[in-house]
Amino acid sequence: MVGDKARGEMNAFQRNESKETLFTFISAGDDPPKGDFPVQKKSPKLCGSNYPLSIAFIVVNEFCERFSYYGMRAVLTLYFLSFFHWDENLSTAVYHAFSALCYFTPVIGAIMADSWLGKYKTIIYLSIVYVVGHLIKSVGAIPSLGNQAVHVILSMVGLFLIALGTGGIKPCVSAFGGDQFEEEHTSERNKFFSIFYLSINAGSLISTFVTPVLRGDVKCFGEDCYALAFGVPAALMVLALVVFIAGSGLYRKTPPQGNVLLEVCKCIGFAIKNRLKNRSPQIPKRDHWLDWASEKYSKQLIGEVKMVTRVLFLFIPLPMFWALFDQQGSRWTLQATKMNADFGIYVLQPDQMQFLNPLLILVFIPIFDLGLYPLINMCKFNFTPIRKMATGMILAGMAFGLAAVVEVKINENDMPRLVPEESLIRVLNLAKNPVQVTIQDQDLFQQPVEAFQNPVEYSKLILNGEEQSLHFTLQHQELSLDFNYTVKEKSVYSLIVFEADGSLSSRLITDLEAKPENGLAAVRFINGLSEDVNLTIDNKRFIAVQKNYSASEYSLLERDKYNNGKCITEMGEFTLELGLLDFGASYTIVITNVSAGAVKTWKSEDIKSNNVHMAWQLPQYLLISAGEVMFSITGLAFSYSQSPASMKSVLQAGWLLTVAVGNTLVLVVAQAAPMAQWAEFVLFTVLLFAVCIIFSIMGYFYVSVDPEDLEEKEEKRETSSRGNMISLVTKKTKL
C-alpha cells in the first residue's frame, strides 16, 4: 500500500507489502550521476542506533498522508449519493474514476522526481497540490456555499488535485526514506520499510474508522457533516507537509538520475518503428522483435527489456482482481447502507466496514508467513507464486459470490418492483369496526379489513393506462359508501378509512416507492384529532399536521429510539413516544386521541426495516483480504524476482497501472451495463474466475528465470557477437 535498491530488501518486502506498493521508480544501472554534486552529509542517528533521525519525519509524514487519503476516500461514495443525490451507478463510476487516476499519476511523479526535480522537491511541490485539493474538496462540501453546480465543480477540481498529489508522491516517499540510509546499513533499511508499511496500515485503519464517525455522528448545517469528514483529512495532510518540511535540514538529498521507464518506452517504440520500416523479405529476420532496437540502444538495455516484458505479459489478466478488490469502497459500502448495523454495544456506520481490510491484512500477514505457508511446505505441496496468485483470485471471486448471496437476501425485504400500468395499494382502517373494501375491476381484499390492522403487504393494482379513475366501495355496518380516486401507474398508495361526523370517509395518500437511502428511517403522521397539532421529534424537526386525518410528508431520521418528542395541541403540550425507528424502515404514525395527559398513537410499518445484519459482510471481507495477501504480496515479490535490478521500477509502473485499469473496468460496467446489483456481483465473479483460468494457463507455460543468469548469458552472447563482427570486418578489408 519500497523500492529496492538491492536484492536483499526483498525479504522485508515479501513480509510486508500489500496493495499499497512501497517501491520507487529508479534509474537504470548502478552508476552514479555525472556532474559535480556535493557529498551527502551523514544524518544524526536515533538514540545511538544506525537509524537516521530523518526517517522519523518521513514515517510520521506517511502516517498523516495515508490517514488523509483513506479517510477522505472512505466517505466519498456516500458523499456522492447523499450530498449530490447521484444514483448508485454514477456514484460508483466517479469513485472508481478517481481511484484509477490515483494510480495513473504515479508515473508522472516518478518522471518528475527522477528526471527533473529530485525526490525531495517533488514531494514538497506535489504535497502542496495535495493540500490545496483537500481544502477545495472540504469547502465544496459546505451546503450553504453556492448551488449544486458549484459543489460539483469544487469537488471534482479537489479530487483531481488530490489524485495528482497522492499519486505523484507515491513512488517518491518510500524511496526517499531508503535514501537516508548508508549502503552498509541494509538490515536497518529493511526494518525501516516494515515500519513504513506499518504506518501506512495504521493510517488507513484509524482513518477508515474515524472519518465515517465524523460524517454520520456529527451534524452540521442540519445534516451529515461531510465538511468535517473532509476537513480533518485535509488538516492531517497539512500536518504531513509541515512535518516533512521540518526535517529538511536532516535529509540526504540525491540529485535526479534519469528515469529508466522513459528509456524502456523509447526502446520499445524504436524497435516497433524500426521493424515496421524494415518489412522487406530481403532483410534478415532477428531472433526477437526487440532486437530491432539494436541500432540505437545497447545490448544490455535490450536484454533487460526482454526480461521485463516477459513479466509484464503476465500482468495482462491482473486488473480484474483490482476491479473486484476496490469495490469495497463503492458497491460493498452501498450494500452496507441496506443492512442492519446494530452490533448491540455499537452501531457501525456503513462506510466504517472498510476498516476491516487493513485490520485483517495486519492479522493475516504473520499468519500466512509463519503458519499457513510453512504448513503447506511441510505437506510437500509446491505452492508456487503463480498458484498463490491464482488462489488469491479465487478467494476474491468467492468473496463476490458471497456478496451476491447477501444482496439477494437484502432484496427479499425490498418493495416490489414497479412496472408500467401497475401500482400498489393497501388499506389502513382507522374506524372502530371492520370494513369491506371493493375496488372496480380488481379482485382484492377478499376479507374485511379489521380496525387498526397492520397490513402484511401491499396489493397490486392493474391499470389500463398511465392513470385510471377507480371506483371504491366501502361496506361498514350494513352501510355502503362509494368514492372515486385517480390512480397513476408505478405509484404506491394507502387508502385511509376513518369515521367523520358519524359517517365513514376515506383518503387516498401516496406512500414511499422504495426504502429510505443510507439506512435512514422515514416517518409520517396522520392526525386523527379534531384540532391541528404541532409535533417536535428530536428537538430539531417541527411538523404541523392539520386536523381530521390529514397526513404529513415523510421525514427522514437517523435510526434511534424517539421517546422524548412533543405534541402541542390547544389542550396543551404532551409527550410523544415513537419507539424505535429502525434502519431502512418507513412508518405511518396515527395520533388517535389524548387521554390521561398523554398522546395515544398507533404505528404502522409501511416498509419493513433492514433485516440482514451487517455482520454477514464479514465473510466476504475475510476472503478478499486473504486474497489480497496471497495475490498482491506474492505477485510483486515474484515479478521483482524475475527482473534485473535496473528494471524493477518498470514493474512498479506496470503494477500500479493494473490497479488503474481495474478501476476503469468497474467504471465501464457501472455506466455501460447497469443491472441488478446481485447480477453485477455474479458477473464480476464469473469474469474473475475466467481470468484466473487464463492466468493459470499463462503461468503454467511461464519458465522462471534468474535475472543474473540471463544477464551473464546476454553478456557472453554480446561478446561473441562482437567477435564475429570484428572477424567480418577484417575479411572485408583484406578483400
Side-chain angles (χ1 to χ4, degrees), residues 19 69-70 72-104 137 141 148 151-152 155-156 158-160 162-163 208 211-212 215 224 226 229-230 319-339 349-354 357 396-397 399-404 406-408 410-411 414 514-515 517-519 584 614 617 620-621 624 658-688:
K19 181 191 77 170
Y69 173 74
Y70 283 109
M72 179 277 304
R73 200 179 74 158
V75 300
L76 197 56
T77 299
L78 294 187
Y79 175 67
F80 295 147
L81 192 71
S82 303
F83 195 84
F84 290 163
H85 304 291
W86 289 349
D87 61 38
E88 293 188 357
N89 288 331
L90 180 57
S91 301
T92 298
V94 176
Y95 173 89
H96 286 282
F98 166 72
S99 297
L101 188 60
C102 289
Y103 285 94
F104 278 121
K137 185 77 185 69
Q148 176 85 348
H151 294 146
V152 172
S155 295
M156 294 304 106
L159 287 176
F160 175 80
I162 290 171
T208 51
T211 50
R215 173 198 62 79
D224 284 356
Y226 285 101
F230 292 137
M320 188 52 66
F321 175 88
W322 299 118
L324 276 69
F325 180 85
D326 276 345
Q327 290 187 58
Q328 294 175 75
S330 57
R331 295 300 198 192
W332 284 16
T333 297
L334 293 174
Q335 184 184 71
T337 64
K338 298 177 285 187
M339 304 177 77
Q349 298 291 338
D351 36 2
Q352 274 184 299
M353 285 296 286
Q354 298 173 65
N357 178 250
F400 264 65
L402 289 179
V406 171
E407 191 70 24
V408 169
I410 291 173
N411 291 344
D414 274 352
K515 277 180 168 289
E517 295 180 344
N518 301 332
M614 203 181 286
Q617 279 195 324
Q620 63 202 54
Y621 272 99
I624 206 163
T658 63
V659 183
V661 173
N663 279 275
T664 305
L665 291 175
V666 183
L667 186 159
V668 171
V669 172
Q671 285 298 294
M675 61 188 74
Q677 190 54 65
W678 68 267
E680 185 179 291
F681 286 151
V682 172
L683 172 65
F684 277 111
T685 300
V686 173
L687 288 176
L688 186 57

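Computation of the quantities below employed the complete heavy-atom set of this structure, encompassing side-chain atoms and omitting hydrogens, waters and symmetry-equivalent molecules. Throughout, residue positions are numbered sequentially from 1 according to the sequence presented. Nothing here was measured: the structure is a model prediction, and the numbers come from that model.
Between Phe98 atom CZ and Ile162 atom CD1 the span is 5.5 Å, to the nearest 0.5 Å. If you take OH on Tyr95 and CD on Glu88, they are separated by 14.5 Å, rounding to the nearest 0.5 Å. To the nearest 0.5 Å, the span separating CD on Gln677 from CD1 on Ile410 amounts to 9.5 Å. Note that CZ of Phe160 is 11.0 Å distant from SG of Cys102, once rounded to the nearest 0.5 Å. The distance from atom OG1 of Thr92 to atom CZ of Phe80, rounded to the nearest 0.5 Å, is 10.0 Å. In this structure, Phe104 CZ and Asn663 CG are separated by 9.0 Å, a value rounded to the nearest 0.5 Å.
Residues Ala404 and Val682 share a closest heavy-atom pair of CB-CG2, 3.8 Å. In terms of heavy atoms, Tyr621 sits closest to Asn357 at CD2-N, 4.5 Å. Taking every heavy atom of both residues into account, Gln354 and Gln328 meet most closely at CG-O, 3.8 Å. Minimum interatomic distance between Leu688 and Leu324 (heavy atoms only, all atoms of both residues): CD2-CD2, 3.4 Å. When all heavy atoms are compared, the tightest approach of Ala336 to Pro350 is CB-O, 3.7 Å. Closest non-hydrogen pair, Ala93 versus Leu667, comes out as O-CD1, 3.5 Å.
At least one side-chain heavy atom of Leu78 sits under 4.5 Å from a side-chain heavy atom of Thr333. Inter-residue side-chain proximity for Phe400 and Trp332 is flagged as met; some heavy-atom pair is nearer than 4.5 Å. A 4.5 Å side-chain heavy-atom check between Trp322 and Val666 finds every atom pair outside the cut-off. Counting only heavy atoms from C-beta outward, the side chains of Met353 and Met339 never approach each other to under 4.5 Å. Taking the side chain as every heavy atom from C-beta outward, Leu159 and Leu76 approach each other to under 4.5 Å. A 4.5 Å side-chain heavy-atom check between Arg331 and Phe684 finds every atom pair outside the cut-off.
Only one option out of Phe83, Phe230, Phe84 pairs with His151 in a ring-ring contact (aromatic ring centres under 6.0 Å, His included); it is Phe83.
At a cut-off of 3.5 Å, with distance as the only test, no side-chain donor of Asp326 or Ser99 sits close to an acceptor on the other residue.
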Next item on the list: Using the side-chain contact (heavy atoms from CB on, under 4.5 Å) rule, take Gln327 and Glu680 through it: C-alpha gap first, then chi angles, then the decisive distance, then the call.
Entry: CA-CA 12 Å; Gln327 290 187 58; Glu680 185 179 291; 3.9 Å; yes

Next item on the list: Let me see the working for Glu517 and Thr337 under side-chain contact (heavy atoms from CB on, under 4.5 Å), right down to the final yes or no.
Entry: CA-CA 7 Å; Glu517 295 180 344; Thr337 64; over 6 Å; no

Checklist line | Derivation of the ring-ring contact (aromatic ring centres under 6.0 Å, His included) call for Trp678 and Phe681 | finding: CA-CA 5 Å; Trp678 68 267; Phe681 286 151; 9.9 Å; no

Check: For Arg215 and Gln349, what are the C-alpha separation, side-chain angles and deciding distance, and is it a side-chain contact (heavy atoms from CB on, under 4.5 Å)?
Finding: CA-CA 9 Å; Arg215 173 198 62 79; Gln349 298 291 338; 2.9 Å; yes

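Applying the side chain to side chain donor-acceptor pair (under 3.5 Å) rule to Gln335 yields the partners Glu407, Gln617, Gln620; only residues at least two apart in sequence or on another chain are considered. Judged as a side chain to side chain contact (heavy atoms under 4.5 Å, CB included), and not counting sequence neighbours, the contacts of Leu90 are Trp86, Asp87, Val94, Gln671. By the side chain to side chain donor-acceptor pair (under 3.5 Å) test, Ser330 is found to be paired with His96, residues two or more places apart in sequence or in another chain being considered.
Of the possible donor and acceptor atoms, none in the side chain of Thr211 sits under 3.5 Å from a partner among the backbone N and O of Met72.
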